[in-house]
Amino acid sequence: MKNVLVMMGVSAFYWKMLRVIFITFVTTLVIIVTSNIGSSEPPADFPDPKSHPLPSALAVWEVKEEVGDYFSEVKESPLGYLVWSEFPITVFLDLSASKPREQEWVEAVETAIAEWNDYIPLKEVDDRATADIIIARSRPPVNIQRNPETGQREFGRARTARTRYEFDLEDSRLIHRMFIDITPNQPKQRTLATARHEIGHGLGIWGHSEDKNDALYYSHVRDSPKISPRDVNTLRKIYEQPTRLGWKIEQ
């Protein structure tokens, strides 16, 4: 049972900082952190970063050396790379904001889930509370930025999607959850492309490609690409990296 109030020796101050971190993806990477957490070492009772076994499909994936990857663009979280260690990764579709064309949205998102399932196990579930990834049919919050020259807040361009993460503690293990918002006001094919891209972030690709042939390309293109060998090469390399996520805190 999760209990974020009982910290079992974890620095309460450090934990509080972790709990309020979230990162948003639009066409560029925006990092919002409430304090300079990067300058502090994790508490001694946090697990050392270690690699988890690769999920079976990635373990047998034959890396396409000739096309390369964009692993250098992938960012670590304060607890390491955002990899999942228990499979299948559970996904909940939040349809609380029910509007017309709902079925098209669901079909597009489920198609994207099925595509990624070829490379890493995913399972749609009915319980929001226990899901690893929650995908909501909702418009992301308005992007408000501060003009560095005038100091005034300005409205950025409308977002079609947003992905963020939160840390938690479960049975003494450091875990994370992903929250994805995908706007309902897109044609079905555009929703598919958006879901394919955002689920890639949710699986741990916390960065963007600069190649328009990759699903994680940083911007929308007319002919939205499917999951490419470079996407999968990158995903596999991420899952080979050490992380504190998924490991138990020593008591």
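Residue numbers start at 1 and run along the sequence shown. Note that the structure is predicted; figures quoted are calculated from it, not measured.
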Report task. Please assess H52 against W84 for the test ring-ring contact (aromatic ring centres under 6.0 Å, His included), listing each intermediate value before the final yes or no. Result -> CA-CA 9 Å; H52 292 282; W84 300 96; over 10 Å; no
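- Identified under the side-chain hydrogen bond (donor to acceptor under 3.5 Å, both in side chains) test for residues 111-122, with sequence neighbours left out: E115-R196.
- The two residues R236 and L58 make their nearest non-hydrogen contact at NH1-O, 2.8 Å.
- Interatomic distance, CZ of R244 versus NE2 of H176, reported as 15.0 Å (0.5 Å rounding).
- Ring pair F167/Y165 is tilted by interplanar angle, where 30° to 60° counts as tilted.
- R137 places none of its side-chain heavy atoms less than 4.5 Å from the side chain of I182.
- Looking only at side-chain heavy atoms (C-beta outward), E104 and T191 stay at 4.5 Å or farther from each other.
- The existence of a salt bridge linking R230 and D211 is confirmed by a sub-4.0 Å separation between a basic side-chain nitrogen and an acidic carboxylate oxygen.
- Contact between H201 and W206 at its shortest, heavy atoms only, is O-CE3, 3.6 Å.
- A side-chain hydrogen bond (donor to acceptor under 3.5 Å, both in side chains) check over residues 53-70, counting only residues at least two apart or in different chains, returns the pairs W61-N233, Y70-D231.
- Follow the hydrophobic side-chain contacts under 4.5 Å out from I113 and you never reach L192; the two are in separate clusters.
- Using a 4.0 Å cut-off between charged side-chain N and carboxylate O, R177 and D168 make a salt bridge.
- Annotation: side chain of L245 is not in contact with side chain of S85 (no heavy-atom distance under 4.5 Å).
- Around NZ of K212, the count of heavy atoms belonging to other residues, nucleotides or ligands within 6.0 Å does not exceed 12.
- Between A131 and V125, the closest heavy-atom pair is CB-CG2, 4.1 Å.
- Two residues are said to be in side-chain contact when any heavy atoms from C-beta on lie closer than 4.5 Å; L93 and V106 meet this criterion.
- Rounding to the nearest 0.5 angstrom, the gap separating the OG1 atom in T183 from the CH2 atom in W105 is 10.0 Å.
- Counting only heavy atoms from C-beta outward, the side chains of F92 and D127 never approach each other to under 4.5 Å.
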**Report entry** Check against side-chain contact (heavy atoms from CB on, under 4.5 Å), V91 and K123
**Finding:** CA-CA 6 Å; V91 183; K123 179 183 178 182; over 6 Å; no
Query - Derivation and outcome, side-chain contact (heavy atoms from CB on, under 4.5 Å), residues M178 and I134 - result: CA-CA 6 Å; M178 288 285 184; I134 297 169; over 6 Å; no
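- Under the 3.5 Å distance criterion, the side-chain polar atoms of S224 are left unmatched by any main-chain donor or acceptor of A193.
- The closest side-chain heavy-atom distance from I199 to I135 is below 4.5 Å.
- Within 6.0 Å of atom CD in E107, more than 12 heavy atoms from other residues, nucleotides or ligands are found, so the atom counts as buried in its surroundings.
- Using a 4.0 Å cut-off between charged side-chain N and carboxylate O, K237 and E240 make no salt bridge.
- Aromatic rings of H220 and H197 (six-membered ring for Trp) have centroids beyond the 6.0 Å cut-off, not under it.
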Query raised in the report: What's the verdict on side-chain hydrogen bond (donor to acceptor under 3.5 Å, both in side chains) for D181 and S138, showing C-alpha distance, side-chain angles and the deciding distance?
Result: CA-CA 6 Å; D181 295 302; S138 63; 2.9 Å; yes
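- Between I249 and L169 the shortest side-chain heavy-atom distance falls below 4.5 Å.
- In this structure, E124 CD and I133 CD1 are separated by 12.0 Å, a value rounded to the nearest 0.5 Å.
- Annotation: cation-pi geometry satisfied between K50 and W247 (NZ/CZ under 6.0 angstrom from ring centroid, within 45° of ring axis).
- A side-chain N or O of D132 and one of T90 form a donor-acceptor pair less than 3.5 Å apart.
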Requested in this report: Apply side-chain contact (heavy atoms from CB on, under 4.5 Å) to the pair R162 and E198, showing each step before the final yes or no.
Outcome: CA-CA 7 Å; R162 177 184 72 160; E198 299 302 322; 5.9 Å; no
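- The closest side-chain heavy-atom distance from L235 to L203 is below 4.5 Å.
- Between the CD atom of E210 and the OG atom of S72 there is a distance of 8.5 Å, given to the nearest 0.5 Å.
- Contact between I238 and G204 at its shortest, heavy atoms only, is CD1-O, 3.5 Å.
- The aromatic rings of Y239 and F87 sit tilted, their planes meeting at an angle between 30° and 60°.
- Placement of L54 and V63 within a single hydrophobic cluster is found when ILVMFWY residues are connected by side-chain heavy-atom separations under 4.5 Å, directly or transitively.
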**Report entry** side-chain contact (heavy atoms from CB on, under 4.5 Å) between S228 and N213, worked out
**Finding:** CA-CA 7 Å; S228 71; N213 296 309; 5.7 Å; no
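- Taking the ring centre of F179 as origin, the terminal cationic atom of R164 falls inside the region bounded by 6.0 Å and 45° from the ring axis.
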